[in-house]
Number of protein chains: 2
Amino acid sequence: MTTPCSACPLRRREHFVEMTRDEVRQTEAFKAGEMTIEPGTHLLIEGAGSAQLYTALSGMGLRYKSLADGSRQVLNIIFPGDFVGLQAGVMGEMKHSVVARTQMTLCVFDRNEFYSFVRSSPNRGFDVTWLAAMEEHFLGEALATVGQRDASDRIAWALVRIYQRGQALGMVNGGGLMPFPFRQQDLADLLGLSLVHTNKTLARLRRHNLVRWQDGQLAIPGLEPMAEMAGLELEPPPRRPLI
Amino acid sequence: MTTPCSACPLRRREHFVEMTRDEVRQTEAFKAGEMTIEPGTHLLIEGAGSAQLYTALSGMGLRYKSLADGSRQVLNIIFPGDFVGLQAGVMGEMKHSVVARTQMTLCVFDRNEFYSFVRSSPNRGFDVTWLAAMEEHFLGEALATVGQRDASDRIAWALVRIYQRGQALGMVNGGGLMPFPFRQQDLADLLGLSLVHTNKTLARLRRHNLVRWQDGQLAIPGLEPMAEMAGLELEPPPRRPLI
DNA sequence: CGAGTGATTGACGCAGATCAAGCGAAGTGG
DNA sequence: CCACTTCGCTTGATCTGCGTCAATCACTCG
């Protein structure tokens, strides 16, 4: 039923760094099982400890924090290959929640094994650190975007970042479309904007034919000007390790 | 001239987790030297690779990103005991800059040794991961604050967080004052506010006798209501590893 | 004493929040 | 098969928190 790591379809993608035979074996030993969840399901809940850690195999979701007044900050989007639950792994408790936006399949790991997994090989420990540092970098960029840029620049930043990730993962089809199973409210909560203003700003980007987003699919005809607005280079993201 | 790790004054503080004799020895071996820099000196520059990593021994500074339009996002504040340069360590290039706001003394490590240091003991590797995860958590909280809260709540959040950190490090003196060698512009850039609005909001907090900040010293007479505004609990932060 | 740096305060304007209403598509149940 | 609800998207009107501009003040320093 479950995919063995040796046959993992993600590992083949060149977006991920190769693993040695030993690393595959260690990961396989770490893996406790596989699970599939439906859209809208919460995988992890803020404040709760979790006995499991996950790697997304397919599907998309998002991480968010909710505040006392009921508002919500989306921290980032979860793509296939993302390692989920590191905070619970090292700190014992999640500081944000994770919810699925499509059906998702996930590798399940046992939190109790995490420490020994990291020990198992210094390379794997280093990989986890690399992922954490990358996440830190991403959040810093998000903070700079939300703190310093106006609405259209923020939207451009988010969409370009997401699209780049989709490209790296081969999720963009021949027509330049990638799956984008989110609501405008999700984008608004990611960028610190109201839903209404997000909608109006998106409408403007659409009118200028910079963005196409409908039926859960995203295309960016104006990728270059959008990246320009976002202050981003159009380079493929670095290859990342897979846990 | 340089302090041996075995005599490190920080390690004694209970804010930091104890280290085994072996860990102290490994860290000592990793340490390449010590340096002191003056206020305003840039320790690391965004985009540049760095041959060194650092741990702050004394003094304070801040990390920031600068944007194309000249604006600046402060990512966080550097306290004694903070490990600086992890991104350069794992990714080869800094994604933000670091500048000193007081005179700072720093332990210097050689980036080339970083990988073998992490290997040297699985515990030390885990510590680095822990720090990265903590940083990620902090940035997530900052993002939620900047994205979702109004000016006075943002300021309350930042000042309470900073003050808590100061308490944990024993930087708060009998009068409830801690050193706070920053400008209002720094706080504004941390919180995504303009200098003017930051100033006016601070004035209001001062009038209500919630905050005292002058001559580079900070006190929070209204710590409880401030924490309430900030949506924070008044617990001491978790003990952190020291690199 | 003039120059530079940071804090402060008032006046004004706007980006974006809030309020409100309507629309189409997809259930759902009687 | 048709009312009725729900959910997400859209759009107009109005309001406001915060940005911007500009001037002043207190200090420090050469």
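Computation of the quantities below employed the complete heavy-atom set of this structure, encompassing side-chain atoms and omitting hydrogens, waters and symmetry-equivalent molecules. Residue numbering restarts at 1 for every chain, and letters A, B, ... go by the order of the sequence lines.
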Is any side-chain heavy atom of [Y] closer than 4.5 Å to one of [X]?
X        : Y        : value
A/Thr201 : A/Thr198 : no
B/His15  : B/Pro237 : yes
A/Leu86  : A/Leu53  : no
B/Gln148 : A/Lys65  : no
A/Met134 : A/Pro238 : yes
A/Asn173 : A/Met178 : no

Between D/dT20 (P) and B/Asn199 (CG): distance, integer Å: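 Nearest whole value for this atom pair: 15 Å.
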
Measure the spacing between [atom1] of [X] and [atom2] of [Y] and express it to the nearest 0.5 Å.
X        : Y        : atom1 : atom2 : value
B/Lys95  : A/Glu136 : NZ    : CD    : 12.0 Å
A/Arg101 : A/Asp186 : CZ    : CG    : 4.0 Å
A/Thr36  : A/Glu38  : OG1   : CD    : 8.0 Å
A/Tyr64  : A/Ser71  : OH    : OG    : 12.0 Å
B/Leu139 : A/His137 : CG    : NE2   : 11.0 Å

Interface limits on DNA chain C, where chain A has a heavy atom under 4.0 Å of a nucleotide atom: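 First-to-last contact on DNA chain C, by the 4.0 Å heavy-atom rule, is C/dG16 to C/dC19.
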
salt_bridge(B/Arg165, B/Asp82) N-O dist < 4.0 Å: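 Between B/Asp82 and B/Arg165 there is a salt bridge, with a charged N closer than 4.0 Å to a carboxylate O.
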
Sequence neighbours excluded - salt bridge (Lys or Arg N to Asp or Glu O under 4.0 Å) pairs with any residue from residues 138-152 of chain B: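 Pairs touching residues 138-152 of chain B that pass the test: B/Glu141-B/Arg161.
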
Test item: A/Arg13 side-chain N/O and A/Leu169 main-chain N/O as donor-acceptor pair under 3.5 Å: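 Such a contact is found between A/Arg13 side chain and A/Leu169 backbone.
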
Would you tabulate the pairs of protein nitrogen or oxygen atoms and nucleotide nitrogen or oxygen atoms of nucleotides 13-16 of chain D closer than 3.5 angstrom?
from, atom 1, to, atom 2, distance (Å)
D/dA13, N6, A/Lys200, NZ, 3.2

Distance-minimising heavy-atom pair for A/Phe79 and A/Ala56: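 The answer is O-CB, 3.6 Å.
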
Closest heavy-atom pair and its distance - B/His197, B/Ser194: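 For B/His197 and B/Ser194, the tightest heavy-atom pair comes out as N-OG, 3.1 Å.
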
Partners passing salt bridge (charged side-chain N to carboxylate O under 4.0 Å, His left out) against A/Asp153 (at least two apart in sequence or in another chain):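 Not a single residue meets the salt bridge (charged side-chain N to carboxylate O under 4.0 Å, His left out) criterion with A/Asp153.
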
Results of salt bridge (charged side-chain N to carboxylate O under 4.0 Å, His left out) for B/Arg239 - residues two or more places apart only: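 Partners of B/Arg239 under the salt bridge (charged side-chain N to carboxylate O under 4.0 Å, His left out) test: B/Glu18.
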
Estimated bend of the helix from C/dC1-D/dG30 to C/dG30-D/dC1 (axis per five terminal pairs, rounded to 10 degrees):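 The two end axes of the helix from C/dC1-D/dG30 to C/dG30-D/dC1 meet at 30°.
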
Pull out every protein N or O sitting under 3.5 Å from an N or O of nucleotides 26-28 of chain D, one pair per line with the distance.
none

Residues from residues 176-191 of chain B lying under 4.0 Å of DNA chain C - heavy atoms: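 Within residues 176-191 of chain B, the residues near DNA chain C are B/Arg183, B/Gln184.
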
Sorted by number, the residues of residues 211-222 of chain A with heavy-atom contact under 4.0 Å to DNA chain C: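 By residue number: none to list.
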
Non-neighbouring partners of A/Tyr163 that pass ring-ring contact (aromatic ring centres under 6.0 Å, His included), sequence neighbours left out: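 Per chain and number, A/Tyr163 pairs via ring-ring contact (aromatic ring centres under 6.0 Å, His included) with no residue.
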
Nucleic acid contacts of residues 146-154 of chain B, taken as heavy-atom distances under 4.0 Å to DNA chain D: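 The answer is B/Asp150, B/Ala151.
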
Quiz: residues 205-224 of chain B side-chain donor-acceptor pairs under 3.5 angstrom, not counting sequence neighbours:
from, atom 1, to, atom 2, distance (Å)
B/Arg206, NH1, B/Trp213, O, 3.0
B/Asn209, OD1, B/Arg212, NH2, 3.2

